[in-house]
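A quick write-up on the structure given underneath.
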Amino acid sequence: MPGTHGDSLPIGAAIRAEPGADGLTVFTKNGTVAVTFISDDVVRIRVLREGQSEPDASWAILPREGAGTKVLVEDDADSLTVRSSFLSVRIARSGGSVTVASGVHILLEAAAFSWESGKPVLRWTQPAERNYYGCGEKSGPLERRGAPMAFWNAEECGYAPGFDPMYHSIPFTLAMDGPLAHGLFVDNTFRQDWRLGELGDTQASIQVEGGALDLYLIATGEPKSVLTRWTDLVGRCPLPPLWALGYHQSRWSYYPESAVRELAANFRSRNIPCDVIWFDIDYMEDYKDFTWHPTRFPDPAKLLSDLKADGFRSVVMLDPGVKVQRGYAVYDSLLATGLFVRNADGTPFVGSVWPGPCLFPDFTNPATRAWWGEQFPSLLAYGIDGFWNDMNEPAVFDSDTHTMPDDVVFDGDGFPDTHLRYHNVYAMDMVRATSEALAKYRSEERSFVLTRAGYAGAHRFAATWTGDNRSDWPSLAISLPMIMNLGISGHGISGPDIGGFVGEPTPELFGRWLQANALFPFCRVHSAKPNWEDPDAPGGAPQEPWAFGEDWEHINRESIGLRYRLLPYLYTLVEEMTRTGFPVIRPLLLEYPDDPDCRNRDTQYLVGRDLLVAPVLTEGDTTRTLYLPAGLWYDFWTEEALDGGREITVGAPLDRLPLFVRAGAAIPTQPFVQHTGECTGVPIEWRVYLGDGAEGTLYEDDGHSRRYLDGDFSRCQLNVEIKDGQAIVKTVCSGTFISPRPAPRVRIINGALVRRPSA
Ligand code: MIG
């Protein structure tokens, strides 16, 4: 472990250097340091031990064209330096330590590479006050200093806040020195252990279990531009279908068919909006992937088409474990192809999960991904809309480590190696297989896939949720920093199990939770069955929006309704994220990096640039204290104008989510609808919150096909100018899509004018 220096082999002094097109390779006593500029503001530093060979392919980094960055090499008595116009990398001749700077700002100071007990380690000196964010899925505070962090996909049912490691491994951090941001990514799929230390600690270290230390540094800039560079490297979320941004209702599990029909009917008769109903593992026969339970669901095609007629989409679960059972076509086929994970001696690895003993497809092999895809047409024929890949850490029941043994072997796309190297990418390759199957067998439609686990870049293939949380207030509170840090890490379409997975929420907890997460890009209620041993035992306490009494039913309807009213704004933001990497759910620091008061705000967030949400996260509270950034804001409900740059306390009765709008924003909204299929029938209602004028954007397309990729979308910019006390509204649109909605309406909220009559 880092912290002990015993048995340490340092990289050693520089012996010679070889310039390359985009960088410099330095050969040291015990290894090499290869510096490659990806662009002017992104540099890769890859350290290999003498004689070590590693695959060229990266799971995270997208292939790119030759960069052709102009670099300059300087060679003096003490060091070798290679620089672009933004970044310099200096390698000390004597000890081989590396310093990376962007102008006068030092990103990485005298970083020392070594192998401790054979494992690559990086130790460096950090500014005492540096803040770190991101780091993927972490169940603690927004700021990541303090307890050590591990990256090793793990499941912990009913995890408590602070539990580590979690399901995802995304070793990327957005670092902030005052207002200056930079990015650091360690591209290594083995387990990683990061020690960033408490605030004030100047020593930091990263140790990996194997492979190379492969660092990417993104130069100093605004935090949002660092996120654009980061997602240039690893890709961005694809645009989901509009229905996936609706409200989702799930539990483990809704069955039989009559229960699903009753659920759907309840939503419509109670006038509570919902787009998606989820089918957890009990829809299958004996938990066998690509089957339906014959008596619980005798006619799935009819059920799904009836649901669709009523505006409901369906998402079903597929786990990686394939039940060992002769005569089960998927098993027979997997066995015949040989595309499964193997023991060290070459025999099939068999592990137990829900179906009992299972084979595990080796998703690291492209041939396996194609085989997996071939199983889809039969399921797609039923009319299923989306797919949920669970247990893909991978989780294994009959194992002390809850996963596969260290020595099982994967193909690795031509670089065979053990579980130690491929554990963290198993889930990512599984959802890659699922999303490739959908692109192939349902090529006209956008796909929706949900994954529990992943490695950096998995957001290219799937949205995610934060796994098996608890029905308690601390778990509600951490849902905010978790989703903010996932968004910084690229996973911008994410949300927790609203109401909590393990346990039963009180009516107040459920209602507050739904308010707090109502605008998260992925908004799903899900909960566990209480008796896991007996699949036929009745479900747990109901967790539907109407399950908590009439008063709460009304409040919950309004929370979901708020989401549907703001859906045009949300969809516009999600589309922006697919091009820029700016997450929809933003910590304040992303928009206000210069304001120290906006730094570590775990209990409030921005939706895009213009909405600020400060939910109630404590039982019994009916007021909320929050920080409004500098400038003028409006209370969304009262439309009162409020001065920012200070803390305020607002009333937050049980039916009120504290929500604020930045003055100067024009927000596209729509009337309350039952599901996204009704959007085309209602107009866009612009709410213009005047500052010195206002502006806003609306993105629209058909909501489901891939035609937007060929320009079939529309992007309208609404501009409001104040001239002689008059508001002049202008709209400029681009793109070929013609909105089927009735003509838009504009409403102007002019608190600013009232306050500043001279404007
Ligand atoms: O071992 O499919 O996190 O959402 O309901 C539990 C049953 C397996 C874990 C998932 C959860 C899901 C449950 N699954």
Discussion item. Assess, by modelled atom type and distance only, whether the side chains of T401 and S399 contain a donor and an acceptor separated by less than 3.5 Å.
Written reply: yes
ask   = So, W465 and D497: side-chain donor and acceptor under 3.5 Å apart, yes or no?
value = yes
- Message: For H704 and W243, I'd like to know if the aromatic rings sit close, meaning centre-to-centre distance below 6.0 Å.
- Response: no
Is there a side-chain contact between H675 and R268 (heavy atoms, below 4.5 Å)? yes
Query raised in the report: Ignoring hydrogens and geometry, is there a side-chain-to-backbone donor-acceptor pair from R442 to A437 under 3.5 Å?
Result: no
Original post:
Can we call the ring centroids of W59 and Y426 under 6.0 Å apart?
Top reply: no
Exercise for review: Just say parallel, tilted or perpendicular for the rings of F376 and F290, cut-offs at 30° and 60°.
Suggested key: perpendicular
Lys/Arg-Asp/Glu bridge criterion (N-O < 4.0 Å) met for R706, E444:
no
Handout entry: Residue pair T578, R236: steps toward the side-chain hydrogen bond (donor to acceptor under 3.5 Å, both in side chains) verdict
Key = CA-CA 5 Å; T578 67; R236 304 188 176 108; over 6 Å; no
Check your understanding: Under 3.5 Å, is there a donor-acceptor pair between the T418 and D407 side chains?
Key -> no
From the list S333, P361, P355, side-chain contact (heavy atoms from CB on, under 4.5 Å) with V322 holds only for P361
d(S435 OG, N389 CG) to nearest 0.5 Å is 10.0 Å
Do F172 and W230 make the cut of ring centroids closer than 6.0 angstrom?
yes
**Request:** Apply side chain to side chain contact (heavy atoms under 4.5 Å, CB included) to T736 and F713, showing your working.
**Result:** CA-CA 6 Å; T736 60; F713 61 82; over 6 Å; no
ask   = Are the charged groups of K308 and D385 less than 4.0 angstrom apart, N to O?
value = yes
message = Less than 3.5 Å apart, any donor N or O on the side chain of H168 or T464 sitting next to an acceptor on the other?
response = yes
inquiry  = Would you say D429 and Y422 are linked by a side-chain donor-acceptor pair, where the criterion is simply a distance under 3.5 Å?
reply    = no
Is it the case that the side chain of S489 and the backbone of H491 share a donor-acceptor pair, with hydrogens and angles ignored and the cut-off at 3.5 Å?
no
query = Is there a donor-acceptor pair under 3.5 Å between the side chain of R563 and the backbone N or O of A518?
reply = yes
SG of C274 to CG of D310, rounded to nearest 0.5 Å, is 10.5 Å
Centroid separation F397 to H402 less than 6.0 Å | no
#### Entry: Donor-acceptor pair between S58 and D187 side chains, under 3.5 angstrom
yes
Next on the checklist: Donor-acceptor check, side chain of Q543 to backbone of G500, threshold 3.5 angstrom: yes or no?
Outcome noted: yes
Given the options D468, T466, N392, Y167 meets side-chain contact (heavy atoms from CB on, under 4.5 Å) only with D468
_Given 3.5 Å as the limit, does a donor-acceptor pair link the side chain of S705 with the main chain of D702, or not?_
no
Rounded to the nearest 0.5 angstrom, the CG-CZ distance for D390 and R452 is 4.5 Å
* To do: Determine, stepwise, if the pair K529 / D280 fulfils salt bridge (Lys or Arg N to Asp or Glu O under 4.0 Å).
  => CA-CA 11 Å; K529 67 168 66 168; D280 203 332; over 6 Å; no
Once you measure the plane-to-plane angle for H419 and F410, does it fall in the parallel (<30°), tilted (30-60°) or perpendicular (>60°) bin? parallel
**Request:** For the pair Y708 and E575, evaluate side-chain hydrogen bond (donor to acceptor under 3.5 Å, both in side chains) and give the outcome as yes or no after the intermediate values.
**Result:** CA-CA 10 Å; Y708 72 98; E575 193 277 336; over 6 Å; no
Does the R460 side chain pair with the main chain of A60, one donor and one acceptor, at a distance under 3.5 Å? yes
- Step by step, work out the salt bridge (Lys or Arg N to Asp or Glu O under 4.0 Å) result for E257 and R261. CA-CA 6 Å; E257 166 174 340; R261 289 185 182 276; 2.8 Å; yes
For the aromatic rings, using the six-membered ring if either is Trp, is the centroid distance between F279 and W388 under 6.0 Å? no
- Task: Classify the side-chain pair T189/R421 by whether it contains a donor and acceptor separated by less than 3.5 Å.
- Result: no
### Query
Cation-pi between K138 and F151: NZ/CZ under 6.0 Å from ring centre and within 45° of the ring axis?
yes
Next item on the list: Run the salt-bridge test on D701 and R446 with the 4.0 Å N-O cut-off and return the result as yes or no.
Entry: yes
* Asked: Backbone N or O of F340 within a donor-acceptor pair of the D362 side chain at under 3.5 Å?
  -> no
Notebook entry, point to check: For Y254 and E544, does a side-chain donor sit closer than 3.5 Å to a side-chain acceptor?
Noted result: yes
Note to self: Could you walk me through whether F448 and L245 satisfy the side chain to side chain contact (heavy atoms under 4.5 Å, CB included) test, starting with their C-alpha distance in whole Å, then the side-chain angles of each, then the deciding distance to 0.1 Å, before giving a yes or no?
What the structure shows: CA-CA 10 Å; F448 179 75; L245 298 182; over 6 Å; no
Practice prompt. Apply the test side-chain hydrogen bond (donor to acceptor under 3.5 Å, both in side chains) to residues D275 and Y564: give CA-CA distance (whole Å), side-chain angles for both, the deciding distance (0.1 Å), then the verdict.
Written response: CA-CA 10 Å; D275 262 83; Y564 280 82; 2.7 Å; yes
Ring-face cation of R251 near W278 (centre distance under 6.0 Å, axis angle within 45°)
no
Parallel under 30°, tilted from 30 to 60°, perpendicular over 60°: which one fits the rings of Y283 and W292? perpendicular
**OP:** Would you tell me whether S169 and N153 have side-chain atoms, one donor and one acceptor, within less than 3.5 Å of each other?
**Re:** yes
query: Are F501 and H526 an aromatic pair by the rule of ring centers under 6.0 Å?
result: yes
After noting the C-alpha distance and the side-chain angles of Y328 and D289, does the key distance pass the side-chain hydrogen bond (donor to acceptor under 3.5 Å, both in side chains) rule? CA-CA 10 Å; Y328 162 41; D289 283 340; 5.3 Å; no
Distance col, row K323:NZ vs T291:OG1, nearest 0.5 angstrom, shows 10.5 Å
### Message
Just by distance, no angles: are the side chains of W372 and T434 close enough, under 3.5 Å, to form a donor-acceptor pair?
### Response
yes
### Query
Where the side chain of T403 meets the backbone of P394, is there a donor-acceptor pair that is under 3.5 Å apart?
yes
Is there a side chain to side chain contact (heavy atoms under 4.5 Å, CB included) between N424 and Q192? Walk through the geometry before answering.
CA-CA 10 Å; N424 280 346; Q192 301 193 20; over 6 Å; no
Rounding to 0.5 Å, atoms OG (S479) and CG (N517) come to a distance of 4.0 Å
- request: Report, as yes or no, whether the 6.0 Å neighbourhood of atom CG on D345 holds more than 12 heavy atoms from other residues, nucleotides or ligands.
  value: yes
Q | Side chain N188, main chain A212, donor-acceptor under 3.5 Å | A | yes
Please indicate whether E262 has more than 12 foreign heavy atoms, meaning atoms of other residues, nucleotides or ligands, lying under 6.0 Å from its CD. no
Between the CD1 atom in I493 and the SG atom in C523, the distance rounded to the nearest 0.5 Å is 13.5 Å
| Just by distance, do the side chain of R369 and the backbone of F363 share a donor-acceptor pair under 3.5 Å? | yes
A cation-pi test, strictly: NZ or CZ of R296 under 6.0 Å from the centre of the six-membered ring of Y255 and no more than 45 degrees from its axis. Yes or no? yes
